[in-house]
Amino acid sequence: MAAIYSLYIINKSGGLIYYKDYGSAGRMDTNDTLRVASLWHSMHAISQQLSPVSGCFGIELLQADTFDLNCFQSLTGTKFFVVSEPGTQHMEGLLKHIYELYTDYVLKNPFYEMEMPIRCELFDINLTQAVQKDRVALLAR
């Protein structure tokens with residue numbers, strides 16, 4: 001069973017710019033992925049405003065019975081979130097690594113336009129390698 005179910009990247013406006021499904025069961029259609037991304041963007045923004053803690057940057061971890069949702073927000077407002085098995089450890093490190101891949105292969109691509117869907121083969125290849133390495137590391141623990 002895969003530790004990581006799916007990866008979403010949302011631009012600062014709340015638009016889904018990248019989605020990758022790693023789970024084998026319960027695949028969602030395109031409309032459902034757009035709804036999940038939009039809902040998460042809204043919940044994240046509301047949590048920043050309603051937090052009693054000053055300097056809160058929004059929800060970083062949402063734990064449910066059947067999944068965990070880990071989120072990393074860049075300084076530009078782009079959100080990266082991973083849906084994984086409950087109790088999966090070290091997702092923060094994986095999200096930061098995915099952000100590094102995003103900056104290296106997407107933002108430095110001269111043909112990529114900001115806030116638009118990500119269509120970059122090098123990003124896809126390196127992302128797949130990073131997730132596979134993370135799966136191997138999780139199995140070794």
Side-chain angles (χ1 to χ4, degrees), residues 1-53 55-141:
M1 182 182 277
I4 299 166
Y5 297 142
S6 55
L7 165 72
Y8 296 76
I9 302 177
I10 306 171
N11 64 21
K12 64 183 174 188
S13 305
L16 181 65
I17 58 173
Y18 188 83
Y19 170 73
K20 185 73 172 176
D21 185 17
Y22 296 102
S24 58
R27 292 184 188 255
M28 294 190 297
D29 66 8
T30 304
N31 287 334
D32 289 338
T33 59
L34 291 170
R35 275 189 219 105
V36 168
S38 177
L39 178 65
W40 181 254
H41 175 74
S42 301
M43 286 176 42
H44 197 270
I46 292 169
S47 69
Q48 286 177 317
Q49 295 173 0
L50 295 179
S51 175
V53 179
C56 176
F57 295 110
I59 302 170
E60 294 178 357
L61 174 63
L62 175 71
Q63 294 178 311
D65 292 338
T66 57
F67 67 91
D68 284 355
L69 193 150
N70 291 271
C71 182
F72 171 76
Q73 182 175 342
S74 71
L75 293 176
T76 59
T78 304
K79 290 174 211 53
F80 299 78
F81 71 92
V82 172
V83 180
S84 62
E85 286 181 354
T88 304
Q89 300 294 315
H90 309 291
M91 286 292 107
E92 302 85 16
L94 176 64
L95 284 168
K96 288 180 182 176
H97 183 65
I98 291 170
Y99 174 66
E100 290 172 5
L101 294 174
Y102 170 77
T103 58
D104 286 344
Y105 296 106
V106 177
L107 295 182
K108 293 178 184 176
N109 182 344
F111 301 107
Y112 177 70
E113 293 183 39
M114 292 295 295
E115 307 296 315
M116 296 304 291
I118 298 170
R119 309 240 188 282
C120 180
E121 187 177 350
L122 282 175
F123 176 70
D124 287 332
I125 291 168
N126 285 283
L127 179 63
T128 301
Q129 290 175 353
V131 170
Q132 290 299 333
K133 283 181 187 176
D134 192 66
R135 283 184 178 166
V136 170
L138 284 171
L139 291 174
R141 291 183 192 136

Calculate, to the nearest 0.5 Å, the distance between atoms [atom1] and [atom2] belonging to [X] and [Y] respectively.
X: I17; Y: T78; atom1: CD1; atom2: OG1; result: 5.5 Å
X: F111; Y: M116; atom1: CZ; atom2: CE; result: 16.0 Å
X: T30; Y: R35; atom1: OG1; atom2: CZ; result: 10.5 Å
X: L94; Y: K133; atom1: CG; atom2: NZ; result: 12.0 Å
X: L61; Y: S84; atom1: CG; atom2: OG; result: 8.5 Å
X: L95; Y: N70; atom1: CG; atom2: CG; result: 6.0 Å

### Query
Do L16 and H41 come within less than 4.5 Å of each other through their side chains, counting heavy atoms only?
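Side chain of L16 against side chain of H41, heavy atoms only: no contact under 4.5 Å found.
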
### Message
Can you classify the ring geometry of F81 versus Y8 as parallel (below 30°), tilted (30 to 60°) or perpendicular (above 60°)?
### Response
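The arrangement is parallel - the two ring planes meet at less than 30°.
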
### Query
Would you call the rings of F80 and Y99 parallel, tilted or perpendicular, where under 30° means parallel and over 60° means perpendicular?
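It falls in the perpendicular class, over 60°.
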
Identify the heavy atoms of [X] and [Y] that sit nearest to each other, and give their distance.
X: S47; Y: G58; result: OG-CA, 3.3 Å
X: A130; Y: H97; result: CB-CD2, 3.4 Å
X: W40; Y: C71; result: NE1-SG, 3.4 Å
X: H44; Y: Q73; result: CE1-OE1, 2.6 Å
X: I98; Y: V82; result: CD1-CG2, 4.5 Å
X: Y112; Y: M114; result: CE2-CA, 3.9 Å

### Message
Does L7 form a side-chain contact (heavy atoms from CB on, under 4.5 Å) with L127? I'd like the steps, not just the answer.
### Response
CA-CA 10 Å; L7 165 72; L127 179 63; 3.5 Å; yes

### Ring center gap for Y18 and F123 short of 6.0 angstrom
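Ring-ring flag for Y18/F123: true, centres closer than 6.0 Å.
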
### Query
In terms of heavy-atom contacts, does OH of Y105 have more than 12 from other residues, nucleotides or ligands at under 6.0 Å?
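Open: at most 12 neighbouring heavy atoms sit under 6.0 Å from OH of Y105.
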
Side-chain ([X]) to main-chain ([Y]) donor-acceptor, under 3.5 angstrom:
X: D68; Y: G87; answer: yes
X: Q48; Y: F57; answer: yes
X: S51; Y: V53; answer: yes

